[in-house]
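Nothing fancy with the numbering, it's 1 onward along the sequence.
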Amino acid sequence: MISKYVKGKTAVFIDASNIYFSQKTLGWRIDFKKLLDYFKKETDLFRIAFYGALNPDNERERKFHDFMEIIGYVVKHKKVKFI
């Protein structure tokens with residue numbers, strides 16, 4: 001479906017905060033592996049990047065970021081700021 005709108009190499013940039021709150025508001029659950037597979041199949045995917053904040057004390061967050069890297073995302077994160 002998207003392939004008719006996209007020409008040439010494709011880069012996808014995902015902001016973790018926006019995705020998290022959007023899926024929470026809409027009651028969705030995003031399967032990031034399926035999302036990656038969709039872009040690989042439908043576009044000439046050059047890069048898919050995931051940007052987020054990481055709390056080093058939260059093991060679940062760290063494992064999730066590790067999982068994203070393992071399946072093929074370029075993961076960029078900053079340390080969470082506590083105010």
Side-chain angles (χ1 to χ4, degrees):
M1 181 164 110
I2 196 172
S3 59
K4 69 180 180 179
Y5 300 107
V6 178
K7 304 279 189 267
K9 296 209 177 273
T10 303
V12 178
F13 302 94
I14 299 170
D15 175 61
S17 182
N18 283 328
I19 289 291
Y20 172 78
F21 287 108
S22 294
Q23 73 178 356
K24 189 174 178 180
T25 301
L26 297 170
W28 293 359
R29 191 88 177 137
I30 296 172
D31 184 329
F32 287 98
K33 176 69 173 129
K34 286 183 181 178
L35 183 65
L36 175 62
D37 292 342
Y38 173 78
F39 281 115
K40 282 182 177 178
K41 180 181 171 195
E42 297 292 328
T43 69
D44 182 11
L45 188 62
F46 169 71
R47 175 187 175 125
I48 187 163
F50 183 84
Y51 295 88
L54 182 64
N55 178 353
D57 298 331
N58 187 326
E59 185 72 15
R60 275 184 75 202
E61 280 182 15
R62 191 187 57 73
K63 284 183 178 181
F64 176 71
H65 283 228
D66 290 345
F67 167 75
M68 295 292 276
E69 284 182 331
I70 289 168
I71 63 172
Y73 287 79
V74 175
V75 177
K76 301 288 183 180
H77 53 258
K78 290 185 176 181
K79 188 176 176 183
V80 173
K81 292 181 186 177
F82 293 100
I83 299 172

Colleague: Taking all atoms of both residues into account, what is the closest heavy-atom pair of Val75 and Met68, and its distance?
Modeller: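 Between these two residues, the closest heavy atoms are CG2-CB, 3.7 Å.
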
Colleague: List the residues meeting side chain to side chain contact (heavy atoms under 4.5 Å, CB included) with Val6, not counting sequence neighbours, and say none if there are none.
Modeller: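 Side chain to side chain contact (heavy atoms under 4.5 Å, CB included) check on Val6 returns Ile2, Thr10, Thr43.
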
Colleague: Quick one: NZ on Lys76 to CD on Glu69, what's the gap to the nearest 0.5 Å?
Modeller: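 Answer for the NZ-CD pair, Lys76 versus Glu69, is 9.0 Å.
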
Colleague: Who pairs with His65 by ring-ring contact (aromatic ring centres under 6.0 Å, His included), at least two apart in sequence or on another chain?
Modeller: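 In terms of ring-ring contact (aromatic ring centres under 6.0 Å, His included), with neighbours along the sequence ignored, His65 is linked to Phe50, His77.
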
Colleague: Counting only heavy atoms not in Tyr20, do more than 12 sit closer than 6.0 Å to its OH atom?
Modeller: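 No, because the 6.0 Å sphere around OH of Tyr20 holds 12 heavy atoms or fewer from other groups.
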
Colleague: For residues Asp44 and Gly8, report the shortest heavy-atom separation together with the two atoms involved.
Modeller: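 Minimum heavy-atom separation between Asp44 and Gly8: CB-O, 3.6 Å.
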
Colleague: With sequence neighbours left out, write down each residue that passes side chain to side chain contact (heavy atoms under 4.5 Å, CB included) with Ser17, or none if nothing qualifies.
Modeller: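 Ser17 satisfies side chain to side chain contact (heavy atoms under 4.5 Å, CB included) with Asp15, Phe21 once adjacent residues are dropped.
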
Colleague: Taking all non-hydrogen atoms of both residues, which atom of Ala16 and which atom of Gly52 are closest, and how far apart?
Modeller: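 Smallest interatomic distance, heavy atoms only, reads CB-CA, 3.7 Å.
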
Colleague: So how far is it from Leu35 CG to Tyr73 OH, rounded to the nearest 0.5 Å?
Modeller: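 Leu35 atom CG to Tyr73 atom OH measures 4.0 Å (nearest 0.5 Å).
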
Colleague: How close do Leu36 and Ile71 get, counting heavy atoms only, and between which atoms?
Modeller: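 Result for this residue pair: CD2-O, 3.0 Å.
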
Colleague: With rounding to the nearest 0.5 Å, note down the distance linking CD1 in Ile48 to OH in Tyr38.
Modeller: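 Taking CD1 in Ile48 and OH in Tyr38, the distance rounds to 12.0 Å.
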
Colleague: To the closest 0.5 Å, what do you measure between NZ (Lys63) and CD1 (Ile70)?
Modeller: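 Nearest 0.5 Å value for the NZ-CD1 distance: 11.0 Å.
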
Colleague: When rounded to the nearest 0.5 angstrom, what distance separates NZ in Lys78 from CG in Leu54?
Modeller: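 Here the interatomic distance stands at 13.5 Å.
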
Colleague: Calculate, to the nearest 0.5 Å, the distance between atoms CD1 and CH2 belonging to Ile19 and Trp28 respectively.
Modeller: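 Answer rounded to 0.5 Å: 9.5 Å.
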
